[in-house]
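Notes for the one structure printed next.
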There are 2 protein chains.
Amino acid sequence: MPKKNKELQKAGLKATLPRIKILEVLDSKGHLSAEDIYKELILLDEDVGLATIYRVLTQFESAGIVIKHNFEEGHAVYEIVSDEHHDHMVCIETGKIYEFHDEIIEQRQAEIAKKQGFEIVDHNMVLYVKKLES
Amino acid sequence: MPKKNKELQKAGLKATLPRIKILEVLDSKGHLSAEDIYKELILLDEDVGLATIYRVLTQFESAGIVIKHNFEEGHAVYEIVSDEHHDHMVCIETGKIYEFHDEIIEQRQAEIAKKQGFEIVDHNMVLYVKKLES
DNA sequence: GTCCTTGCAAAGCTTTTGCATCGCT
DNA sequence: AGCGATGCAAAAGCTTTGCAAGGAC
């Protein structure tokens, strides 16, 4: 449990209650918007201001603790950075988010960039899908 | 030149001056935000309200005339739909947008979705790149 | 003439910021 | 104690909407 404190201190951030709670919620629930986290914390009887959540998420992003995604719903969603990179698949019927990783695609992307004289700094790939007829 | 009128009528939209002008600007300048188009039209001495541009772009999107992209700059950018699908590469140093298409990646994406019991409805792939050291 | 479109202003949403208070270390 | 962090409320984008006036067919 003091693991999260270490994580925060390593990033130069004081281990405050709001920050720890936000990390915990992200850990257990995955892909959330600032508002989602806000509501989640209210359910847990933790009174954290929405502004604080935005500030903390921005700091976490700079520290490399979370990634911010701009899927297309008019708001950003955040997730904890895991060891291995992955991309996302969003079901347009259920809104559920699935993760996947494909080395062949990653390699092609690097080649494509290189062919034009670039190197990849980051990338973003989202597949919008729906269940196949059964 | 009456080509744009036909295009609009086919979509069930009256061929009004604002709509024609917006199409022309998108045709010549590529990837633009609503604000970009607004400024561009002012330069051309065409007085079109920003709200109209948003409304027209939304209609164009529904009609399949333009695509809306949510890159990550806090605003959407639009481009005319071309015959062949393509993805984007954004240079983080210059902000320039490059287009590319890769059949191998497209196939992998379809396979990945299928393996999980889904079919792809749409997808979004953006590579953020920078120039290789020369 | 009818119905769709437009422009302006106002409202809506997500996100950011100012400032006094509070809380880690 | 000191300085960073928080909360509230206000402000700042981008985008949407209501409504009266204007334009296409």
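Just so you know, these numbers come straight off a predicted model, no measurement behind them. Residue numbers start from 1 in every chain, and the chains themselves are labelled A, B, ... in the order their sequence lines are given, proteins ahead of strands.
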| message | Distance criterion of 3.5 Å, no angle test: do you see the side chain of A:Arg55 paired donor-to-acceptor with the base of D:dG7? | response |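 Check passes, donor-acceptor contact within cut-off.
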
| said: Once hydrogens and angles are ignored, does a donor-acceptor distance under 3.5 Å link the base of D:dG23 to the side chain of B:Arg19? | reply: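 Donor-acceptor pair under 3.5 Å: no.
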
Specify the separation, in whole Å, of atom [atom1] of [X] and atom [atom2] of [N].
| X | N | atom1 | atom2 | answer |
| --- | --- | --- | --- | --- |
| A:Asn5 | C:dG23 | CG | P | 17 Å |
| B:His69 | D:dC14 | NE2 | C1' | 18 Å |
| A:Leu8 | C:dC24 | CG | P | 13 Å |
| B:Asn70 | C:dT14 | CG | C1' | 13 Å |
| A:Ile37 | D:dG7 | CD1 | C1' | 17 Å |
| A:Gln59 | D:dG4 | CD | C1' | 10 Å |
| B:Leu57 | D:dC14 | CG | C1' | 13 Å |
| A:Ile53 | D:dC8 | CD1 | C1' | 14 Å |

| message | Donor-acceptor pair, distance only, cut-off 3.5 Å: does the side chain of A:Arg19 make one with the backbone of A:Lys14? | response |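 Yes, because the side chain of A:Arg19 sits within donor-acceptor range (under 3.5 Å) of the backbone of A:Lys14.
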
| said: Applying a 4.0 Å non-hydrogen cut-off, can you work out what B:Leu13 is touching in the nucleic acid: base, sugar-phosphate, or nothing? | reply: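 If one applies the 4.0 Å heavy-atom cut-off, B:Leu13 turns out to touch the sugar-phosphate alone, with no base involved.
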
Does [N] have its OP1 or OP2 closer than 4.0 Å to a side-chain nitrogen or oxygen of [X]?
| X | N | answer |
| --- | --- | --- |
| B:Tyr54 | D:dT15 | yes |
| B:Gln9 | D:dC25 | yes |
| B:Thr16 | C:dT6 | yes |

| No-hydrogen, no-angle side-chain donor-acceptor test under 3.5 Å, A:Glu99 and A:His85 |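 Not at all, the side chains of A:Glu99 and A:His85 share no donor-acceptor pair under 3.5 Å.
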
| said: Can you confirm whether the side chains of A:Glu84 and A:His101 place a donor and an acceptor under 3.5 Å from each other? | reply: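 No, A:His101 and A:Glu84 have no side-chain donor paired with an acceptor closer than 3.5 Å.
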
| message | For a side chain to side chain contact (heavy atoms under 4.5 Å, CB included) check, start with the C-alpha distance between A:Val48 and A:Tyr38, then their side-chain angles and the critical distance, and finish with the verdict. | response | CA-CA 7 Å; A:Val48 178; A:Tyr38 181 64; 5.7 Å; no

| field | Nucleotide nearest A:Thr58 (side chain, heavy atoms from C-beta), chosen from D:dG7, C:dT16, D:dT16 | value |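 The closest nucleotide is C:dT16.
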
| A:His75 side chain, from C-beta outward: closest of C:dT15, D:dT17, D:dA9 |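 Closest nucleotide among those given: C:dT15.
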
| task | Map A:Leu50 and B:Lys14 onto DNA chain D by nearest heavy atom, then report which one ends up closer to the 5' terminus. | result |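 Taking each residue's closest nucleotide, the earlier one in sequence belongs to A:Leu50.
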
| Does the side chain of A:Leu26 reach to within under 4.5 Å of the side chain of A:Glu79, using non-hydrogen atoms? |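 No; the side chains remain at least 4.5 Å from each other.
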
